[in-house]
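Notes follow once the structure below has been shown.
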Amino acid sequence: MGRGTAAEDRVGCMYDWFLNHRLPWPTQTCRWGPVQERGKNRTKQTLYVAEQTDGSAPNTIVMMHVDVPDPRTEDPFTMWSYLDASKSYPIGKRVKTIRHAGEVNVLREFPVRPQLVCTHTDAKEVYVWDLNAQPALTKSNANVEPKPDIVLVGHEKDAEFALSVSANRTQVASGGQDGLVITWDLEDEQCSVVQENDVLKDPTTCIQPRARLVGHTGTVDGVALHPTSEVEVASVGTDKKLIFWDMRDPAQVAVKVEGAHTEDIACIDWHNTKDMYVATGGGDCLVKVWDRRMMRPGIHACVFASREHKGPLTHVAWCPQDERMLASGAEDGKIMLWNLAGVVSTATVQTDEGSDPLMFEHKEHSGQITDLGWNHHCPMTLISSAVGLDRKGCSQCTLQSWRITDLIFRDTSEVLDELEMYRDFVIAGKVDCLRHSPATQHIDYDGRAG
């Protein structure tokens, strides 16, 4: 294009919105929170980011307010500057920072109780925080030990990464080094007990488990609550097993797949609307999708598998607005967006051969992906974080919010018709036509222009 670096050209042409921010401390987790207000062409939304420090400062949860633009409202020319190596553009405005007890490995929000989040740290407990009630971190209280509002107990060893929160209930699921999958419900707070624990020396409100599920023979690294059912949960771990549980009979494994991956399985996500499908990612660099309807003894029921990633998987997440879309992140620093229309609508096994469901590669991070999440309120918008090295070999943590252009995932014939308006730019590089982009055209996110 002749406008800048290859990365800048990618951002200008392939993204509808892109922000890149270098964080002062590494983060293992970033999540979208509730909407604060909706304005003209903008949605102000909460973003949660956790900071892992070296001990010279407290570990924290940071609340930001981010102005997320509506599709086709961001000036494509402004995005060219976001990857300037000498600059770091803020994602949003910090509105509150609270101190956390230990490093935050995972944070998950409660959609039905927007003021609450829960966290995993290097401990046996799961912490629940009321971010409205918690005191903001200041110089005067920087040395005061934080106290979570609720502690979920039951693990026998540290539970560091496997954490899931229901989208429509106050249900929580966790996995740990003890091989247990444990579930709680915050509705049990009225019958909780007040006690001390190994990490928090002050008496704390503690909730006991609703279910303790025994079946893994290694660390449980990923859990996923069923999108609608109160009694189903799925889990994966270092024992390479994929297990489905029915909490009405916690002593029994409902369905188990041995050797679901050839290496440790790090992540799992349940499809939002088609509950027969779950996605998993493993240390074997494979992204897999499973169909529970096909699971029989000796039949693994894997309906999709791809090794496009060149490093172990860290995250998989189904898109809440488009049932075809799956995002995957890995230690190779890439986030891949998959169009699995041929998978979630049929039971045909698809592999790397044949049609390619890989729709897009996000390659703007400089290190392994530590978290990614779809925005439930702003279609096709993601937040992602990574920890790695910059071009000079210095440690760098990047936080990025982004949305690809709808020209990538819309119907091909519609896209070709629209691109006719940009013929002069595509062929001759004339940029005047870009300034007349049909930004007011509404796009339905099932792939149709409206």
Side-chain angles (χ1 to χ4, degrees), residues 1 4-23 27-32 47 49 66 68-69 71-72 74 76 78-85 88-89 91 266-267 269 279 281 285-287 306-322 324-340 356-376 378-391 396-410 445:
M1 289 175 55
T5 67
E8 290 167 345
D9 288 349
R10 284 197 306 271
V11 169
C13 289
M14 304 180 73
Y15 291 83
D16 181 70
W17 181 52
F18 183 92
L19 282 176
N20 177 69
H21 178 60
R22 293 196 303 277
L23 294 168
T27 184
Q28 292 291 327
T29 188
C30 54
R31 301 293 291 184
W32 292 109
L47 177 68
V49 179
V66 181
V68 184
R72 294 189 165 217
E74 187 77 346
T78 65
M79 290 188 289
W80 266 307
S81 62
Y82 290 155
L83 291 183
D84 188 328
S88 176
Y89 291 82
I91 291 283
C267 48
D269 193 37
C285 308
L286 280 170
V287 179
S306 180
R307 193 179 273 111
E308 290 288 344
H309 281 289
K310 305 308 177 185
L313 271 290
T314 58
H315 293 84
V316 289
W318 292 100
C319 176
Q321 293 92 11
D322 191 327
R324 306 167 299 171
M325 302 297 179
L326 176 72
S328 61
E331 292 184 11
D332 61 6
K334 296 180 181 179
I335 296 173
M336 298 188 180
L337 303 184
W338 307 85
N339 184 341
L340 299 179
D356 185 6
L358 178 58
M359 182 179 69
F360 186 79
E361 290 186 38
H362 179 73
K363 301 186 288 187
E364 312 310 329
H365 284 294
S366 60
Q368 72 177 48
I369 305 302
T370 58
D371 205 358
L372 67 87
W374 294 95
N375 192 320
H376 286 253
C378 300
M380 300 300 292
T381 304
L382 293 103
I383 188 74
S384 56
S385 59
V387 176
L389 301 177
D390 62 17
R391 297 173 182 175
Q396 176 177 274
C397 178
T398 52
L399 180 68
Q400 296 178 352
S401 183
W402 49 284
R403 178 173 57 230
I404 62 173
T405 173
D406 58 67
L407 298 177
I408 294 176
F409 57 85
R410 281 170 50 207
Y445 279 88

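Rounded to the nearest 0.5 angstrom, Trp402 CH2 and Thr381 OG1 are separated by 10.0 Å. In this structure, the separation between OG on Ser328 and CG on Asp269 is 11.5 Å, given to the nearest 0.5 Å. To the nearest 0.5 Å, atom CE of residue Met336 and atom CG of residue Leu326 are 12.0 Å apart. For the atom pair Ile408 CD1 and Met14 CE, the distance stands at 4.5 Å (nearest 0.5 Å). To the nearest 0.5 Å, atom CG of residue Leu382 and atom CH2 of residue Trp17 are 10.5 Å apart. Between the CD atom of Glu361 and the CD1 atom of Ile335 there is a distance of 11.5 Å, given to the nearest 0.5 Å.
Exactly one of Gln400, His315, Glu364 qualifies for a side-chain contact (heavy atoms from CB on, under 4.5 Å) with Ser384. That residue is Gln400.
Partners of Gln368 under the side chain to side chain contact (heavy atoms under 4.5 Å, CB included) rule, at least two apart in sequence or in another chain, are Glu331. In this structure Trp374 satisfies the side chain to side chain donor-acceptor pair (under 3.5 Å) test with no other residue, sequence neighbours excluded. Under the side chain to side chain contact (heavy atoms under 4.5 Å, CB included) criterion, Cys30 pairs with Val49, Asp371, Ile383, Ser385, Leu399, sequence neighbours left out. With sequence neighbours excluded, the residues satisfying side chain to side chain donor-acceptor pair (under 3.5 Å) with Asn375 are Gln45. Checked against side chain to side chain contact (heavy atoms under 4.5 Å, CB included), Ala330 has the following partners two or more places apart in sequence or in another chain: His309, Leu313, Asp332. The side chain to side chain donor-acceptor pair (under 3.5 Å) search around Thr398 returns His365, not counting sequence neighbours.
Counting heavy atoms from C-beta outward, Trp32 and Leu47 have side chains that approach closer than 4.5 Å. In this structure, Met325 and Phe409 have side chains that are in contact, with non-hydrogen atoms separated by less than 4.5 Å. Taking the side chain as every heavy atom from C-beta outward, His362 and Tyr15 approach each other to under 4.5 Å. Contact annotation: the side chain of Ile369 never approaches that of Lys334 to less than 4.5 Å [non-hydrogen atoms, C-beta and beyond]. Contact of the Thr405 side chain with the Phe360 side chain is not registered, since no non-hydrogen atoms from C-beta on lie closer than 4.5 Å. Considering only heavy atoms from C-beta on, Trp338 comes within 4.5 Å of Ser306 through its side chain. When side chains are defined from C-beta on, Arg324 does not count as touching Pro357, because their heavy atoms never get closer than 4.5 Å.
Cys378 approaches Val68 most closely through the heavy-atom pair SG-CG1, 3.7 Å. The heavy-atom pair separating Met380 from Cys319 by the smallest distance is SD-SG, 3.8 Å. Pairing each heavy atom of Thr370 with each of Ala386, the nearest pair is OG1-N, 3.8 Å. Here the closest heavy-atom approach between residue Leu372 and residue Ala327 is recorded as CD1-CB, 4.0 Å. Here the closest non-hydrogen pair linking Pro312 and Cys285 is N-SG, 3.9 Å.
Using a distance-only test at 3.5 Å, with no hydrogens or angles considered, no donor-acceptor pair links the side chain of Arg72 to the main chain of Asp406. With hydrogens and angles ignored, the 3.5 Å screen pairs no side-chain donor or acceptor of Ser366 with any backbone N or O of Gly388.
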